[in-house]
Amino acid sequence: MKKTMQFLLLTIFLITLAACHSTINPRLMSNFDDNWRFHLGDTLNAQTSSFQDGTWRTLDLPHDWSIEGSFDEKSPAGPGGGYLNGGIGWYRKTFTANKAWKGKDVVIDFDGVYRNSEVWINDHYLGMRPNGYISFRYDLTPYLRYDRPNVIAVKVDNSQQPNSRWYSGSGIYRNVRLVITSLSHFAQWGIYVTTPEVNEEKTSMNIQFQTVVQPTQEPVTIRSLLYDANGKLVAKSSRITVKGAVSSNTMEVVGPHLWSITDPYLYTMVSQLYVGNQLEDQLSTNVGIRYFNFDKDKGFSLNGKPIKILGVCDHHDLGCLGSAVNKRAIERQLEILKGMGCNAIRTSHNPPSPELLDLADRMGFIIMDEAFDMWKIPKTKYDYSQYFVKWHKQDLSDQIRRDRNHPSVMIWSVGNEIPEQWDKNDSTSMGVVIMKDLCSIVRKLDTTRPIVTATNNHNPDPAKNPFINCGATDLIGFNYDINGWLSFPKAFPNDKLIITESTSALETRGWYQMPSDSILRVPKGNTPYSTPTHFCSAYDNCATPWGSTHEETWKVVKAHPYISGIFIWTGFDYIGEPTPYEWPSRSSYFGIIDLAGFPKDVYYMYQSEWTNKNVLHIFPYWNWKSGQTVDIWAYYNNADEVELFLNGKSLGKQHKVGDQLHVMWKVPFEPGTLRAVSYKNRKQVMATEEKTAGQATRMVLSADRRKIDADNSDLSYVTVQIVDKDGTLVPDAGNLVYFSITGPGKIIGVDNGSETDHNPFKANYTNAFFGKCLVVIQSTHKPGTICLTATSDELPSSMIDIVTK
Ligand code: GAL
């Protein structure tokens with residue numbers, strides 16, 4: 001009894017103690033995405049607070065209006081923009097300021113608006129930002145009113161076209177939030193954590209603070225607390241007094257748990273700002289402790305272990321969702337990339353969404369964070385070059401300050417294939433002058449990561465190519481040019497090489513051109529490539545002349561340790577740049593994964609090389625003309641050989657010789673079953689089959705997630721497969737499929753991975769493409785069961801349930 005009493009008292013004491021110490025964060029971050037009014041087109045006086053917007057559409061951000069349009073052969077955005085239109089759009093939001101905000105600092109944060117945004121509050125002009133990929137903030141404090149509603153108006157002008165070589169999207173396509181703080185607070189991106197000394201025993205940490213502090217009699221002090229992933233306090237800085245706008249502090253972490261791509265361990269640093277004894281601001285920062293190195297001979301290492309950077313370049317669109325940011329959509333892309341063994345992403349060719357970096361920190365990716373696709377010389381008529389001189393310093397600084405705490409970010413890129421690289425051959429060259437300027441902007445803000453620029457002028461002679469030979473960058477970034485990679489150690493004996501971009505192979509999922517061992521380079525010179533269907537062969541035997549096939553590329557990277565890593569063009573297909581075709585093609589053929597997120601065959605080549613999991617993948621499908629000879633490829637690993645059987649009869653064993661990455665059989669077609677078996681030491685490792693499909697008889701629906709959050713944002717991706725009576729995918733099925741939904745969810749996109757399909761992305765129907773299509777379901781705020789039904793002429797309808805909680 002006595003013991004119980006003691007325990008009870010102790011518990012009460014502990015709870016009280018905790019309550020005294022638990023601090024209510026005076027900083028308030030409020031999601032500001034819901035309930036905006038939108039109007040497509042310019043309109044007079046829409047910036048004024050008295051403007052009547054009652055007839056405008058109501059929507060939630062993030063929003064991309066271009067993706068809602070239809071493909072338009074005459075679109076000024078052209079093939080680069082995927083033939084989807086830009087234009088001008090207006091957004092307005094009416095809101096009531098909370099009385100509790102009085103006497104506080106209230107700002108609005110935009111993660112990204114494409115592009116030329118102008119913002120007003122209550123008739124007051126806040127400013128404009130031309131760059132469509134940059135995050136920015138405006139101070140609302142002086143203009144807020146508490147006696148009647150406030151109106152924020154945003155004009156987005158993406159009417160000057162073309163302004164991009166790929167699909168950009170249009171509108172407030174990233175998140176918006178309000179941040180409310182005490183008048184004394186940490187500045188925007190005002191905390192910067194570095195780890196000058198990392199080893200297994202201890203890590204020293206530097207923390208730099210930028211603060212905005214009101215004049216006061218009382219001392220303003222700051223301290224930081226470091227919590228491990230279980231929430232346990234593991235380190236503390238001393239409390240320091242703020243003297244100027246910037247202060248710094250240190251702490252030490254004993255026995256740090258290092259961040260790596262296989263174990264992306266994150267600490268949380270809580271930084272607190274006190275005026276006297278009063279907590280006035282508190283900010284959390286994710287901290288990953290790691291060290292890395294680029295060596296000119298041995299390549300890249302992370303925490304002392306050599307690894308290759310196995311990366312892809314990706315644009316920011318999310319397929320049928322357009323560029324409208326959705327965290328789950330990005331996470332799904334990263335999961336698919338992880339599945340093939342990819343460990344790095346180049347954010348080509350612009351600052352990414354903050355969500356991508358958060359996910360990369362959590363999931364273990366290395367990021368090459370890129371700033372620009374052009375400087376002063378344009379690549380398209382109305383691109384950012386017209387703003388570069390005035391805005392580059394601010395844009396680049398903002399990018400570095402925003403992103404420099406992410407452990408995933410390990411390389412800064414200040415440009416991609418910048419036309420100034422070909423400028424005059426001396427040190428007054430515009431390219432060299434600008435590059436030095438950009439590098440010094442970066443280095444003033446962060447010296448812990450190497451800088452690179454992605455080049456295709458690889459001449460090692462400083463007199464002829466001062467751009468990469470002037471020593472401004474830390475790494476040499478080559479785009480394409482395999483011969484240049486091979487001669488690199490001789491040509492650039494003191495430099496470190498990274499392949500900033502490679503490959504540009506071309507593939508349509510599900511379409512195969514034989515002979516598979518003859519390689520097609522398209523387009524050739526000025527002769528456009530043209531096939532009636534606008535497809536490219538998925539045998540990895542089709543590439544651009546400046547690029548190479550996946551196998552040609554990987555063999556070289558794999559064989560040479562001094563090549564620190566590679567960023568393949570591209571991980572996912574993207575909207576726009578439908579090289580080697582133009583209209584009616586409207587999205588790229590470069591992806592290892594198609595626009596809908598369905599892997600192309602070559603995905604499994606990477607999986608067999610870049611992961612340890614057992615892989616055996618044979619292709620193509622097994623529906624051909626009788627007697628036709630078909631090239632059957634197999635990607636495999638963890639085995640000595642693969643045997644192929646047709647209808648039970650062995651067609652012989654094959655194994656990879658030398659640097660071969662696949663094996664092949666030429667097989668005369670007869671209907672039935674192709675079966676492949678891989679063996680190690682004569683024991684079976686894996687087996688897989690391709691069967692001749694009969695007539696389409698039904699649809700099989702499968703969801704990547706059957707349980708999602710009822711948060712008005714989470715997604716379930718449902719794949720439809722058209723199959724025969726035995727469940728074999730019908731490889732040429734193109735059935736038109738309609739979707740309907742009941743319950744608390746909505747259809748927010750459909751796709752099939754075709755590069756030429758002109759069905760809208762925002763619809764409740766699409767055609768299957770080589771047997772498959774996709775529908776994306778989003779939750780609402782309501783929990784419940786969503787029921788999706790797919791119907792199609794001549795096939796029975798099919799259903800699937802998704803629960804939202
Ligand atoms: C590169 C360029 C990329 C993309 C690619 C297509 O030269 O950097 O943005 O256009 O070509 O092959």
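These numbers were taken from a predicted model, which means no experiment stands behind them. Remember, it's 1-based here, ligands and their atoms both numbered in the order they're listed.
Salt bridge status for Glu552 with Lys558: absent, with no side-chain N to carboxylate O gap under 4.0 Å. The existence of a salt bridge linking Arg165 and Glu577 is confirmed by a sub-4.0 Å separation between a basic side-chain nitrogen and an acidic carboxylate oxygen.
With contacts defined as side-chain heavy-atom distances shorter than 4.5 Å, the pair Ile309/Phe294 qualifies. Two residues are said to be in side-chain contact when any heavy atoms from C-beta on lie closer than 4.5 Å; Ile575 and Leu84 meet this criterion. For the pair Met363 and Glu331, the minimum side-chain heavy-atom distance is below 4.5 Å.
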Between ligand 1 and the protein, find all N/O pairs closer than 3.5 Å and give the distance for each.
residue	atom	partner	partner atom	Å
ligand 1	7 (O)	Glu417	OE1	2.6
ligand 1	7 (O)	Glu417	OE2	2.7
ligand 1	8 (O)	Asn416	OD1	3.4
ligand 1	8 (O)	Asn416	ND2	3.0
ligand 1	8 (O)	Glu417	OE1	3.4
ligand 1	8 (O)	Glu417	OE2	3.4
ligand 1	8 (O)	Glu501	OE1	2.9
ligand 1	8 (O)	Glu501	OE2	3.1
ligand 1	9 (O)	Arg165	NH1	3.4
ligand 1	9 (O)	Arg165	NH2	2.7
ligand 1	9 (O)	His349	NE2	2.6
ligand 1	10 (O)	Arg165	NH1	2.9
ligand 1	10 (O)	Glu577	OE1	3.2
ligand 1	10 (O)	Glu577	OE2	2.5
ligand 1	11 (O)	Glu501	OE2	3.4
ligand 1	12 (O)	Ser504	OG	2.6
ligand 1	12 (O)	Trp546	NE1	2.9

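Cation-pi geometry between Lys376 and Phe388 is not met: the NZ or CZ atom fails to fall both under 6.0 Å from the ring centre and inside 45° of the normal.
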